[in-house]
Amino acid sequence: MMASYPRKVPNILITGTPGVGKSTISGLVAEKTNFIWREVSKLAEEHHCLDEYDPEYRCPLLNEDKLLDVMEGLMVKGGNIVDYHGCDFFPERWFDGVFVIRTNNTALYDRLSARGYTGKKLEDNIQCEIFETLLEEAQTSYKPEVVTELQNNTEEQLHENVDKIMNWIEKWKEENL
Ligand code: DAT
């Protein structure tokens, strides 16, 4: 195992079910700070980390080991906002803060339908949120003091969440000078 490295700025993971608002929040935080938004799905595509096609979910499968190799170097200095709908395969040492974004059923249903999700794909994602799958995954993969759950149903909450994450970054910097 590699030793953890000191960082002057933190790395943040934004996770949750598809449609909860990870990209929206990550994009806004990146816009207001000098953090770099790392969309894991895009990185995977750009660096050819997508393997076989999963016919059930109609999406390609992620080659996690290859992706981790690509990301390792990016994470060293901190200042990353990593956005992904999974969190248990990243090295725990990468992240100083893990934010699990949550959305209620009706709002999530509307957002995913608007995205064109139907049938099993839509139902599975709604169930994933109802069963708190990503919250549990974060809680089993990271220390409790690192994990924060954020409700993201309304525009008002969206801006509160961006502020909360920015305040968290400032506090981390003060505590880790
Ligand atoms: P994700 O990256 O988790 O898949 P997203 O950021 O693409 O989610 O958001 C999905 C949709 O929901 C998108 O149209 C933006 C909208 N949205 C995000 N946060 C919201 C909020 N707090 N209130 C209303 N709509 C929101």
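Note that the coordinates shown come from a computational prediction; the quantities given were computed from them, not determined experimentally. In each ligand, atom 1 is the first atom listed, and ligand 1 is the first ligand listed.
- Closest of all the heavy-atom pairs between R111 and N152 is NH2-O, 2.8 Å.
- Ligand 1 has at least one atom lying under 4.0 Å from a heavy atom of R115.
- At most 12 heavy atoms of other shown residues, nucleotides or ligands fall within 6.0 angstrom of atom CD in E45.
- Closest protein heavy atom to atom 2 (O) of ligand 1: S23 OG, 2.6 Å.
- The contact set between ligand 1 and E155, taken as ligand atoms under 4.0 Å from a residue heavy atom, comprises 23 (N), 24 (C).
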With a 3.5 Å cut-off and sequence neighbours excluded, list the donor-acceptor pairs that the side chains of residues 36-44 form with protein atoms.
{"from": "W37", "atom 1": "NE1", "to": "D83", "atom 2": "OD2", "distance (Å)": "3.1"}
{"from": "R38", "atom 1": "NE", "to": "N80", "atom 2": "OD1", "distance (Å)": "2.7"}
{"from": "R38", "atom 1": "NH2", "to": "N80", "atom 2": "OD1", "distance (Å)": "3.2"}
{"from": "E39", "atom 1": "OE2", "to": "K42", "atom 2": "NZ", "distance (Å)": "3.1"}

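- Protein heavy atom closest to atom 8 (O) of ligand 1, with residue, atom name and distance, is G21 N, 3.0 Å.
- Around atom CD of E46, more than 12 heavy atoms belonging to other residues, nucleotides or ligands sit under 6.0 Å away.
- At the shortest separation from atom 19 (N) of ligand 1 among protein heavy atoms lies N152 ND2, 3.1 Å.
- For ligand 1, the atoms sitting less than 4.0 Å from at least one non-hydrogen atom of K22 are 1 (P), 2 (O), 3 (O), 4 (O), 6 (O), 8 (O), numbered in the order shown with element in parentheses.
- Residue-environment remark: CD (E92) exceeds the threshold of 12 foreign heavy atoms within 6.0 Å.
- Checked by distance only, ligand 1 and P18 stay at 3.5 Å or farther apart across all their nitrogen or oxygen atoms.
- Few gaps surround OH on Y117; more than 12 heavy atoms of other groups in view lie less than 6.0 Å from it.
- Residue contact annotation: I101 has no non-hydrogen atom under 4.0 Å from ligand 1.
- Ranking protein heavy atoms by distance to atom 16 (C) of ligand 1, first place goes to R111 CD, 4.0 Å.
- Considering both main-chain and side-chain atoms, T24 comes within under 3.5 Å of ligand 1 through a nitrogen or oxygen pair.
- Within the 4.0 Å heavy-atom cutoff, Q157 does not count among the residues contacting ligand 1.
- Contact analysis leaves G16 out of contact with ligand 1, as no non-hydrogen atom separation drops below 4.0 angstrom.
- For the pair I165/I14, a side-chain contact is recorded, criterion being any heavy-atom separation below 4.5 Å from C-beta on.
- When non-hydrogen atoms are compared, ligand 1 lies under 4.0 Å from neither the backbone nor the side chain of D83.
- Taking a distance limit of 4.0 Å, we find that atom 12 (O) of ligand 1 is approached by some protein heavy atom.
- Within 6.0 Å of NZ in K32 there are 12 or fewer heavy atoms belonging to other residues, nucleotides or ligands.
- The pair K164-E149 does not meet the salt-bridge criterion, since no charged nitrogen lies less than 4.0 angstrom from a carboxylate oxygen.
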